[in-house]
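To start, the structure itself, in structure tokens.
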Amino acid sequence: MQGFLDKIKDLDLSCGGFYLSSGYTSIGNLRCVFNWNYDKFPDPEKFVADYNNAGIHLIPNIKPAFLTSHPMYDELAKKGFFVKNADGTPYVTQFWDGVGSYLDFTNSDTFDFWGSQVTEKLLDFGIDATWNDNNEFDIKATDAVAAGFGEKASACRIRPILTYLMVLSSYKAQMKKYPEKRPFLSTRSGNSGVRRLAQTWSGDNFTSFHDLRFCHYVGMTMSLSGFYFYGHDLGGFSGEMPSEELLLRWMQHGVFEPRFTIHSWNGDGSATMPWSYESGLCGAKAILRQRKSLIPYLYNCAYNSVENDVPVQAPPYIYYDDENIDVNTDAFMLGRDVLAACVLDEGVDQVSVYLPKGDDWYLNETGKLYCGGSTVKVDLPPDKPVPYFIRSGSVFPVDEGECSYKSAEKVVFTVYPVKNGKFTARYFNDDGESFEYLKNNCVKLEFDVNCDNDNVNVVVNNKGNVKFTPEIKLVSTDLRKLNVTVK
């Protein structure tokens, strides 16, 4: 783990979070939730502190089942904390490399126990996030019983409720430990209601171009279903090490997803990393730089999603009534202002992007303006950032700061005007951690833009309490005069 920190520092790579898989809980080859393996981690507090000091949030794996060999199993069984058989004994089923029992979160004491363990075994060591994994509650027996908070219920029929309550218990523990901090959680399972608490991902995908394409459609479907904060294990989770081309293509796609995480369990025992291929490292760095550059816009999209219940990422037809948009299009919208398409097939270096009617579109790389209703072919090699289109009538934020082990932020706004007419654009930012934005202690910019034949006039109002003076420029291909008034 220290080697990972040394590596990203040596390669000058930016990293914001580390998903800590369940090996930290191992006893032999078995994973025992809330059990620190002190042979691997002799000083968990120092380990956590080292990552915190590097600016990397640890997101530890926790599982809702206790193996029968777990040191705490007998005690928990005696307290009645597990889902039960009809005769009152713990329901036992296959779980990873052993057999175990699922916690019954409809028992108030179990719910409280889970939160206390999250606090004592993780949060008290300085961790501030949780990865709620393997929480499908794979209970097939129709006679397995859950406490139901006093009204017994068939456990197999309330599985989504058990998942939700597990995540809720983790959420409440994090809120209690860090009351001034917005909690971050990830969950592998859950119904749509769990979006109030956590983000998710598409699960154990495979290292193949087939799964890259499949995950693209999974993401679009999740967006249309109201679950906006998701991603995929970039490169693929299981199988052999992805090829250099596949890894870079998956990273390119991940640039535009809310969750950007490389995560693997390769058959050869290797771990997929941005530096897995020396020849692809420059490409990986370029893609990571693009990801960082889009963070201000992505964050703004996230705020807009929460405030207005609209997707971060979605197929174009959610915004455009255009019969020429293919329902199975590879293209997607990121927020309201970005349209992009990634390469999803092996050996392809070009994509065709249909630009919906109703707006005109600027290519970010060149600033060239294209009319809506046209199809544009874009060159897209695997080792380069992805070209994308920006909607006319927008003010687009980009982080032009350094992308490195110790990154710096420099947000620059570019006006992408219409030919003639008016439009309004908005931008939100805050400290990224607290609830102060609810008191309006944040940046809330409104750009009122008026375009005529000779001028692009921008009036900026900040309706938030945090002072912020934006740096604004006009897209380079527009020769009109930019006039900016900051109120």
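V255 has its side chain out of reach of V386: every pair of non-hydrogen atoms, C-beta onward, lies at least 4.5 Å apart. Looking at heavy atoms from C-beta onward, D233 lies out of side-chain contact with W250 at the 4.5 angstrom threshold. Looking at F396 and L294, their side chains come closer than 4.5 Å, going by heavy atoms from C-beta outward. Side chains of I62 and K121 form no contact here, defined as non-hydrogen atoms less than 4.5 Å apart.
Using a 4.0 Å cut-off between a side-chain N of Lys or Arg and a carboxylate O of Asp or Glu, R159 and E136 do not qualify as a salt bridge. Using a 4.0 Å cut-off between charged nitrogen and carboxylate oxygen, K384 and D379 do not count as a salt-bridge pair. Salt-bridge check for E323 with K357: passed, with a basic side-chain N closer than 4.0 Å to an acidic carboxylate O. Comment: R213 engages D330 in a salt bridge, judged by a side-chain N to carboxylate O separation of less than 4.0 angstrom. The pair D430-R182 meets the salt-bridge criterion, with a side-chain N (NZ, NE, NH1 or NH2) lying under 4.0 Å from an Asp/Glu carboxylate O.
Note that CG of L123 is 7.5 Å distant from OG1 of T130, once rounded to the nearest 0.5 Å. Rounded to the nearest 0.5 Å, atoms OH (Y317) and OG1 (T329) are 9.0 Å apart. Note that NZ of K172 and OG1 of T119 are 13.0 Å apart. Values are rounded to the nearest 0.5 Å. Interatomic distance, Y171 OH to Y164 OH, rounded to the nearest 0.5 Å: 9.0 Å. To the nearest 0.5 Å, the span separating CZ on R188 from OG1 on T163 amounts to 10.5 Å.
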What verdict does the side-chain hydrogen bond (donor to acceptor under 3.5 Å, both in side chains) test give for T207 and N266, after you've listed the backbone C-alpha separation in whole Å, the side-chain angles of each residue and the deciding distance to 0.1 Å? CA-CA 9 Å; T207 55; N266 296 330; 5.7 Å; no

Between F34 and W114, is the ring pair (Phe, Tyr, Trp, His ring centres under 6.0 Å) condition met? List the steps. CA-CA 10 Å; F34 300 130; W114 180 268; 4.8 Å; yes

Set out, in order, the CA-CA distance, both residues' side-chain angles and the distance that settles ring pair (Phe, Tyr, Trp, His ring centres under 6.0 Å) for Y51 and F47, then state yes or no. CA-CA 7 Å; Y51 271 69; F47 159 61; 5.3 Å; yes

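Counted by atom type alone, K63 and N61 present one or more donor-acceptor pairs between their side chains at under 3.5 Å. Inspection of the D309 and Y228 side chains reveals an N or O donor paired with an N or O acceptor under 3.5 Å. Using a 3.5 Å distance cut-off with no hydrogens or angles, the side chains of N205 and D211 do not pair a donor with an acceptor. With 3.5 Å as the limit, one finds no donor-acceptor pair spanning the side chains of D359 and S392. Between the side chains of T187 and N135, a donor-acceptor pair is found at a separation under 3.5 Å. Between S434 and E436, the side chains place no donor N or O within less than 3.5 Å of an acceptor N or O (distance only, hydrogens not considered). Between the side chains of N300 and N429, no donor-acceptor pair of N or O atoms lies under 3.5 Å. N483 and N457 share a side-chain donor-acceptor pair at under 3.5 Å. Under 3.5 Å, the side chains of D337 and Y416 contain no donor-acceptor pair of N or O atoms.
Applying the ring pair (Phe, Tyr, Trp, His ring centres under 6.0 Å) test between H263 and each of Y19, F18, W131 identifies W131 as the sole match.
Annotation: K406, atom NZ; neighbour count of heavy atoms from other residues, nucleotides and ligands within 6.0 Å is above 12. Under a cut-off of 6.0 angstrom, the local environment of NZ in K177 is crowded, with over 12 non-hydrogen atoms contributed by other residues, nucleotides or ligands. Counting heavy-atom neighbours within 6.0 Å of K181 NZ, excluding the residue itself, gives a total above 12. Within 6.0 Å of CZ in F214 there are 12 or fewer heavy atoms belonging to other residues, nucleotides or ligands. Counting heavy atoms of neighbouring residues, nucleotides and ligands inside a 6.0 Å radius, atom CG of N420 exceeds 12 of them. Within 6.0 Å of atom CD in E307, more than 12 heavy atoms from other residues, nucleotides or ligands are found, so the atom counts as buried in its surroundings.
Residue pairs satisfying the ring pair (Phe, Tyr, Trp, His ring centres under 6.0 Å) criterion with at least one member in residues 445-487, sequence neighbours excluded, are listed as follows: F413-F447.
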Using residues 363-377 as the side-chain source, report each donor-acceptor pair under 3.5 Å to any protein atom, sequence neighbours left out, with the distance given to one decimal.
residue, atom, partner, partner atom, Å
N364, OD1, Y388, N, 2.8
T366, OG1, K368, N, 3.1
S374, OG, C371, O, 2.6

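Between F428 and Y299, the ring-plane angle classifies as parallel under the 30° and 60° cut-offs.
With a 6.0 Å cutoff to the six-membered ring centre and a 45° limit on the axis angle, R249 does not count as a cation-pi contact of F209.
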